[in-house]
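Taking it in order: structure first as structure tokens, then the write-up.
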Amino acid sequence: MMPTALPPTPTPLLDEAVPSVLRDPAPTPNASSALNIATIVADPASAQPNHVANSSIAAPAAPDSTPGTVVIVFQPGQEYIVHMVAEVLGKPWTTETELSTLARASGEAVVAGVVMHDLQRGLDGCKSVRETLVVINTHSVDDGSAPEEALSEICDYEFLYSRTPFLRRDLTRFLSLVLGQTRPHEELRNKSRTNFISTTFPDVHAALPNLDILSVGSDAVEIRVDLLVEPGSDSVPSLKYVGRQLMLLRQHTELPIIFTTRCTKENGKFPMDDPGIFYRYLRRAIQWGVEYVDVELWLPEDIRANLAKVKGNSIIMSAFHDFSGNWKWTSERANVIFNESAKYGDIVKMIAMVETVEENYELEYFRSTIKSRGPGTPPLSAVNMGQMGQLSRALNTVFSPITHPLLPMIAAPGQLTAAEINEALHIMGQLPKRDLYAIGSFRSTPHSMFMEKCLNELGLPHSFTSIDRGPKGSMESVLMSPQFGGASVNPPVPASTSYIPITSDAARAIGLVDTIAIAPNDSATRFIGENAAWKGIRATLTRDYVPSAYKGRAAIILSSTESDASASIFALRSLGVGAIYTVGFRATGPLALGLEPFTSIQSVKLVESPFVIVSALPPEKSLLVQPLLRHYRANGRASPPSTRGKVYLDLTSGPRKGDPLAVANSAGWTAYGAEDVSAWITVETLRLLVGQNVPFDFVRMASGRTIF
Ligand SMILES: O=C1C[C@@](O)(C(=O)O)C[C@@H](O)[C@@H]1O
């Protein structure tokens, strides 16, 4: 989606206009907006501010605010990138170059644009407060140029971009990571199995057409920087080339990236005569906001230590490979290597070439000793190479390297695909066949065909059947059958349903279960009621804005019932939104605290402009949101940019009245429809049901289902 609502005129921050920019004054209501709230509110007379203070269930922790001042270094003529950063962060911006003034003045985070030639002078003037600034060099690669190395060096991070439709999302992802707003590893470290696809393309362009299918079953994508081949060069690809390749890959996958410079001794192409070159590339990868960097253990300790010091929010994967064939998991050396790796590695990867199947059992014993060390020990990702080592590739659970038939070559001897690993696990009895269901008021839908396709692609033995909810008691009997292995439930059922004895906190707070997943082994019950919808809604909301952009801002939710709105309320709360105004329903459930019903045009006039509007109205009422979208229009000059509405989420599906998405787009909102949310919900459902990751773009391209 292209950026919206860039400030049409500069919004100065440090002159007289400052108060008006930062204070978020209430917008002047536009008298011509035909706001007929009464047509939406079912029973206006009974709608009162809700002060239900009892059963409050905490929403997940809201994001931290962006710290201090974000300094955006830009090339002459590229000022728009400063505006875009400010948009993504939901913060005001300035081109004030006295960084010291800014650093001292700002209680509130701001974005300061500094043209590249002025940066050094600006930094010289603020040495004592340098650490309060996050300095990001931005560079457009559209003219084939690369950033000056000296400039990259003095900045904390660097964002390389081209002006494509992917720019906004890539920028959001980059900022979310480097500012610590998203921590992809937090989720992955708790997954029972994780895989990463080792791409081996000499040029990322070749990967793009198949990237979605290639990464089915992967939790991350490895870019083997040492295998990239820069046209016209037969040595190490330049940083300029690598930067562009990385940018391209990141624009085309939402998966975290692993940046690997594998050395010649460990089956790679990076020469080992100058370890400093590894530091240069890996340090730059951290500056580029790569989620995982692979740091080889043979590198001198000062290099590894320095990388750990500057890693920011990137995760360090320490890597050790032995190709000699003589290396033993049973030797004391295995412990020494693990301990040395654990000094600076967040994850320890150990890989050895083996000749016998017994060496897999030795590895499993070693793995168990590491596990028994308990909390504080970094997770071990360990496999054996060669055909004899394939068993260990199925048994490893932490970031297993996988390949795919569409790759030009395997990255290491004995690599398996995600499907082969799952098939092996099934044969060994580690992955029993389960009966999965879509339970709802539909028969075979494109959605269930898509699910079957995914199971097939992933080599999973499970069956997938769509069934109607049917008469009372029929769902219960499905759940009680011994083969029952999980279900997506659409429409969702109340979280209080008696035959779903355990529900997740989110499902309980939202009051609805839309997914029934198999509970972890140590649970008292066989399955657990989950809610995938709120995660889908949150993922959609944070595609073009960082989580903290929502913090403290107002939201409006339109719905005919509280239950249609509850997943949205929970998702918005998880983003730390401020006031939530409701239209069309009055909340009484666990999420009701702090919700304010709009009862009349007067109440609309009194409130601050919403940052986000969500409509969960039924199709026949869908057009009722349109006046609100026009009233709080996101473009135009009626109000200062920082007070305008930004995000519109339309959860209505099916044949509808009006075209709220078109209205939202033309009024300048960043608008998303139910299909986007549905695709994210499907991603989440698959994670919950079968523990596998299927990328959003693949789902968006290949499936579709309605949610409400
Ligand atoms: O470290 C590893 C593991 C690997 O060597 C393997 O054995 O599958 C493949 C490499 O691409 C990756 O960086």
Side-chain angles (χ1 to χ4, degrees), residues 193-202 204 207 214-215 217-229 242 245-246 249 255-270 272 278 281-282 285 290-299 304 314-325 327 329 337-338 341 345-355 359-360 363 367 378-421 424:
R193 299 187 72 92
T194 39
N195 296 331
F196 70 90
I197 179 98
S198 313
T199 63
T200 49
F201 293 99
V204 165
L214 274 175
S215 42
S218 285
D219 298 283
V221 181
E222 177 182 52
I223 176 166
R224 281 285 301 267
V225 173
D226 58 294
L227 298 181
L228 294 175
V229 179
V242 172
Q245 291 273 305
L246 178 76
L249 179 61
L255 296 183
I257 290 175
I258 303 173
F259 186 97
T260 302
T261 48
R262 186 69 63 238
C263 72
T264 46
K265 198 168 152 234
E266 301 193 5
N267 203 29
K269 294 220 169 131
F270 250 52
M272 300 173 75
F278 286 82
Y281 279 67
L282 298 173
V290 172
E291 289 83 357
Y292 295 89
V293 286
D294 178 297
V295 179
E296 296 185 334
L297 185 65
W298 68 272
L299 288 167
R304 291 182 282 126
S314 300
I315 298 291
I316 291 189
M317 253 184 186
S318 169
F320 165 84
H321 285 74
D322 186 289
F323 276 83
S324 70
W327 199 82
W329 292 104
I337 293 214
F338 182 88
S341 309
D346 302 300
I347 297 169
V348 173
K349 189 159 62 173
M350 293 172 65
I351 297 184
M353 180 66 92
V354 297
E355 304 275 324
E359 283 159 292
N360 297 312
L363 164 51
R367 204 191 303 281
L380 171 67
S381 169
V383 299
N384 285 326
M385 288 180 291
Q387 207 173 350
M388 285 300 148
Q390 286 182 328
L391 174 61
S392 67
R393 291 185 182 267
L395 295 178
N396 177 57
T397 55
V398 178
F399 283 94
S400 290
I402 56 171
T403 185
H404 193 278
L406 290 171
L407 286 171
M409 60 178 188
I410 53 167
Q415 265 195 338
L416 300 172
T417 63
E420 285 168 336
I421 289 180

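Both ligands and their constituent atoms are indexed starting at 1 by order of listing. Computation of the quantities below employed the complete heavy-atom set of this structure, encompassing side-chain atoms and omitting hydrogens, waters and symmetry-equivalent molecules. Residues take their numbers from the sequence shown, with the count starting at 1.
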- If the plane angle is over 60° it's perpendicular, under 30° parallel, otherwise tilted; pick one for Trp327 and Phe320. tilted
- Item | Closest protein heavy atom to atom 6 (C) of ligand 1, given as residue, atom name and distance to 0.1 Å | Ala412 CB, 3.2 Å
- Query: Near Ala411, which atoms of ligand 1 are under 4.0 Å from a heavy atom of that residue?
  - Reply: 9 (C), 11 (O)
- Query: Counting each atom of ligand 1 from 1 as listed, which ones have a heavy atom of Arg262 under 4.0 Å away?
  - Reply: 1 (O), 2 (C), 12 (C), 13 (O)
- Query: Looking at atom 7 (O) of ligand 1, what's its closest protein heavy atom, distance included?
  - Reply: Arg393 NH2, 2.9 Å
- Which ligand 1 atoms does Gln415 reach within 4.0 Å, using its non-hydrogen atoms? 6 (C), 8 (O), 9 (C)
- Look at the rings of His321 and Phe323 and say which category their plane angle falls in: under 30° parallel, 30 to 60° tilted, over 60° perpendicular. parallel
- Task: Note the single closest protein heavy atom to atom 12 (C) of ligand 1, along with its residue, its atom name and the distance in Å.
- Result: Glu222 OE2, 3.3 Å
- Query: Which distance, rounded to the nearest 0.5 Å, do you find between the CZ of Arg304 and the OG of Ser341?
  - Reply: 7.5 Å
- Message: Is the distance from the ring center of Phe399 to that of Tyr292 below 6.0 Å?
- Response: yes
- Item | Minimum-distance protein heavy atom relative to atom 3 (C) of ligand 1 | Ile351 CD1, 3.3 Å
- Which residue supplies the protein heavy atom nearest to atom 5 (O) of ligand 1, what is that atom called, and how far is it? His321 NE2, 2.8 Å
- Measure from the side-chain N and O atoms of Asn267 to the backbone N and O of Ala411, and report whether any donor-acceptor pair falls under 3.5 Å. yes
- Task: Check for a donor-acceptor pair, side chain of Thr417 on one end and backbone N or O of Glu420 on the other, with a separation under 3.5 Å.
- Result: yes
